[in-house]
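Sequence lines set the chain letters: A, B, ... in the order given, protein chains first and strands last, and positions in each chain run from 1.
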Amino acid sequence: MLQVPFIRDNKETVITGLAKRNFDAKDIVEEVIALDDSRRSLQTKLDNTLAESNVLSKEIGNLYKTGKAAEANQLKEKVSALKEDSKTLSDDLSAAADKLQSLLYQLPNVPHESVPAGKSEEDNEEIYSEGSIPELYDGAQPHWELAKKYDIIDFELGNKIAGAGFPVYKGKGARLQRALIAYFLDKNTDAGYTEYQLPHLVNEASCYGTGQLPDKEGQMYHDSRDNLYLIPTAEVPGTNVFRDVLLNESELPIGITGYTPCFRREAGSYGAHVRGLNRLHQFDKVEIIRVEHPDNSYKAFDGMIEHVKDILRELKLPFRILRLCGGDTGFPAAMTYDFELFSTAQDRWLEISSVSNFETYQANRLKLRFKNSDGKNELAHTLNGSSLALPRVLAGILENYQTEKGIEIPEALIPYTGFSIID
RNA sequence: GGAGAGUUGGCAGAGUGGUCGAAUGCGGCAGUCUUGAAAACUGUUGAGGGUCAUACCUCCAGGGGUUCGAAUCCCUUACUCUCCGCCA
């Protein structure tokens, strides 16, 4: 959530920044400022009314003590009248505050100055690529065929047990999943992230904290009996670790990592390009989350990019990095880089990681602050990224590492799988 | 699921109608001492709104009520703990 004083002081920056997302913020910004004005003037009136009745109440107390009940009763009437006024004022005030809040929820984060304008993924900029695309043998297959051929992922079985989008991993397929999770977690903890095991269900407040609510309700699985949501990403429980937290500056930076399954309803997103592992209702992901001093967050962002690069380099998977344009950058993010790996057998790029800097947008909702060197409480910056999402990495490995003899295992993973080929 | 107890500042924990935005301890910050640090001692230290700055207002889990006046009394919701039940 953007902060009102920031919007006030940077009206034009906000409007031109959001225009890069194709978001016309002009009316909302004007309305926010107008509402904030009226909120303030109501607040002042209310404060004055309350101040007066506070003074009178004290007098009443004193009058009673000195036995002047008649005078006290006179004052009581006055206070009652003030109370009527303050009731009206405070109703008006909370109406204005609620409206302001709901307007603020509608404003996405202002993109970083380096983010290009653009409407859709067409306008994303490729800024880096690495690794060579392997030449596959004749008869190379997409992963859903390989999965069947080697009997390592059973989509049909998942259909029976749960439904489409819930694959069953078997044998070496299951082991490879476990290996990837352990490998990613090890890479992350080696880089200084602290490993967390987080709840897979979260309450409503946590969903508001990271912005899944109020407007992405339909994308999450929800247990209405207990009002709990299945997490769509570890970002939700992981970032909410820091909800309502006041840190000392010396505690920054903080980095945590966690493996969780992720659950997404993905309503209405069926169609092309969703075969096999490409889009699922349940998938595994290892996430990294950072809390940073505002002065360091972009340096930390670069560090996260390098970290993910290292992993892909070690797995010897060909990848590229995209700088997302305004229109493709997620609502709460100021900047996002996507990692995509090239799947030779599908002849297309698959998104496997998304690294974002949210600046203070999430921290403002979370009330995540630190005491700065002036002793003032200041919002921290939050960042997160996948390192990595499993299904498409798995798809990439299966497709890019297939040979006529079987699927080779990337060297870095062999200590984790305990085997070097799936055949 | 049943019964009971609780929820107070960064943390722990007192406070049962006005003198309470709140004792005390820990932690944080500053200083004295020290070559430096630790220890000790001294001072300081809740959050939000508002103001040029004061003033002032709000906040003792959330919401509602009683009262001239509520952390304190009542209702309600959420959560936590203990015991019982169930259970991997």
Side-chain angles (χ1 to χ4, degrees), chain A residues 1-9 32-101 103-104 197 199-209 213-214 222-229 237 240-252 254 261 291 293 360 363-380:
Chain A
M1 207 162 57
L2 297 175
Q3 300 167 85
V4 177
F6 176 83
I7 296 174
R8 262 181 192 285
D9 297 344
V32 162
I33 293 172
L35 263 175
D36 189 50
D37 285 338
S38 77
R39 194 211 94 231
R40 280 199 219 183
S41 88
L42 284 167
Q43 180 82 62
T44 307
K45 280 185 201 158
L46 176 62
D47 286 357
N48 291 337
T49 310
L50 291 173
E52 203 179 329
S53 74
N54 284 344
V55 169
L56 292 177
S57 290
K58 271 183 191 150
E59 269 180 52
I60 291 169
N62 288 333
L63 288 170
Y64 272 125
K65 271 180 208 162
T66 51
K68 297 173 183 164
E71 285 177 53
N73 284 329
Q74 255 182 341
L75 283 184
K76 273 192 196 181
E77 275 175 44
K78 245 175 137 177
V79 174
S80 296
L82 286 173
K83 207 181 166 187
E84 293 289 309
D85 293 350
S86 69
K87 177 89 177 108
T88 317
L89 284 168
S90 94
D91 286 350
D92 293 352
L93 179 63
S94 51
D98 287 351
K99 186 140 186 242
L100 183 59
Q101 177 83 339
L103 282 177
L104 289 172
Q197 280 201 10
H200 300 168
L201 278 81
V202 292
N203 59 25
E204 210 173 50
S206 292
C207 295
Y208 276 100
L213 292 178
H222 179 220
D223 171 20
S224 55
R225 226 174 129 103
D226 292 319
N227 199 21
L228 292 171
Y229 293 83
N240 275 283
V241 165
F242 305 103
R243 173 154 51 88
D244 294 323
V245 163
L246 180 57
L247 297 162
N248 283 317
E249 193 169 15
S250 60
E251 292 175 81
L252 298 173
I254 299 172
V291 180
H293 191 287
T360 59
N364 191 28
R365 278 200 192 181
L366 292 164
K367 287 202 275 237
L368 165 54
R369 296 156 302 164
F370 67 97
K371 223 170 241 315
N372 68 20
S373 45
D374 298 331
K376 290 259 163 60
N377 295 334
E378 187 177 340
L379 292 172

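Taking atom CG of A:Leu246 as the reference point, atom P of B:rG46 lies 12 Å away to the nearest angstrom. The interatomic distance linking A:Lys76 (NZ) with B:rU66 (P) rounds to 15 Å, in whole Å. Rounded to a whole Å, the CZ atom of A:Arg243 is 13 Å from the C1' atom of B:rA61. In this structure, CG of A:Leu89 is placed 13 Å from C1' of B:rC57, rounded to the nearest angstrom. Here B:rG9 presents its P atom at 12 Å from CG of A:Asp244, a figure rounded to the nearest Å. Atom CG in A:Asn248 sits roughly 17 Å away from atom P in B:rU45 (whole-Å rounding). Regarding A:Glu378, its CD atom lies at a distance of 17 Å from the C1' atom of B:rG48, rounded to whole Å. Note: CG (A:Leu93) to C1' (B:rG50) measures 12 Å, nearest angstrom.
Between A:His293 and A:Phe370, the angle of the ring planes lies from 30° to 60°, which puts this pair in the tilted group.
Between the C1' atoms of B:rG46 and B:rC11, the separation comes to 12 Å (whole Å). For the P atoms, the distance from B:rA22 to B:rA38 is 31 Å, rounded to whole Å. B:rG6 sits 13 Å from B:rA61 when the P atoms are compared, rounded to a whole Å. For the C1' atom pair drawn from B:rC60 and B:rC84, the interatomic distance equals 33 Å after rounding to whole Å. Comparing the P positions of B:rA3 and B:rG85 gives an interatomic distance of 15 Å, to the nearest angstrom. Rounded to a whole angstrom, the distance from the C1' atom of B:rG2 to that of B:rU19 is 45 Å. Nucleotides B:rU35 and B:rA55 place their C1' atoms 49 Å apart, quoted to the nearest Å. Of the C1' atoms belonging to B:rA71 and B:rU58, the separation is 14 Å, rounded to the nearest Å.
Base pairing of B:rA55: no nucleotide in any strand meets the Watson-Crick or G-U wobble criterion (both distances under 3.5 Å). Across all strands shown, the partner of B:rC26 is B:rG10, judged by Watson-Crick or G-U wobble contacts whose two distances both fall under 3.5 Å. Base pairing annotation: B:rA3 forms a Watson-Crick or G-U wobble pair with B:rU82, both donor-acceptor distances under 3.5 Å. Judged by Watson-Crick or G-U wobble contacts below 3.5 Å, the nucleotide B:rC60 has no partner. Pairing for B:rA88 is absent, with no Watson-Crick or G-U wobble pair whose two atom distances lie under 3.5 Å. B:rU35 is unpaired under the criterion used here, namely a Watson-Crick or G-U wobble arrangement in which both key atom distances are under 3.5 Å.
Residue A:Asn377 places at least one side-chain N or O closer than 4.0 Å to OP1 or OP2 of B:rA47. Using a 4.0 Å cut-off, no side-chain N or O of A:Lys78 falls inside it from OP1 or OP2 of B:rG69. Residue A:Arg369 places no side-chain N or O under 4.0 Å from the OP1 or OP2 atom of B:rG10.
Side chain of A:Asn48 to backbone of A:Thr44: a donor-acceptor contact under 3.5 angstrom is found.
Closest approach of A:Glu249 to A:Asn372, counting heavy atoms only: OE1-C, 3.5 Å. Closest approach of A:Thr49 and A:Ser86 over heavy atoms only: CG2-CB, 4.0 Å.
A salt bridge does not link A:Asp37 with A:Arg40: none of the charged nitrogens is closer than 4.0 Å to a carboxylate oxygen.
Listed by residue number, A:Arg39, A:Arg40, A:Gln43, A:Asp47, A:Leu50, A:Ala51, A:Asn54, A:Ser57, A:Ile60, A:Gly61 are the residues of residues 38-61 of chain A with a heavy-atom contact under 4.0 Å to RNA chain B.
Checking A:Asp91 against A:Thr88 by side-chain atom types alone, no donor-acceptor pair falls below 3.5 Å. In this structure, a donor-acceptor pair under 3.5 Å is present between the side chains of A:Gln43 and A:Asp47.
Separating the OG atom in A:Ser94 from the CG atom in A:Leu42 is a distance of 9.5 Å, to the nearest 0.5 Å.
Within a 6.0 Å sphere centred on NZ of A:Lys78, other residues, nucleotides and ligands contribute 12 heavy atoms or fewer.
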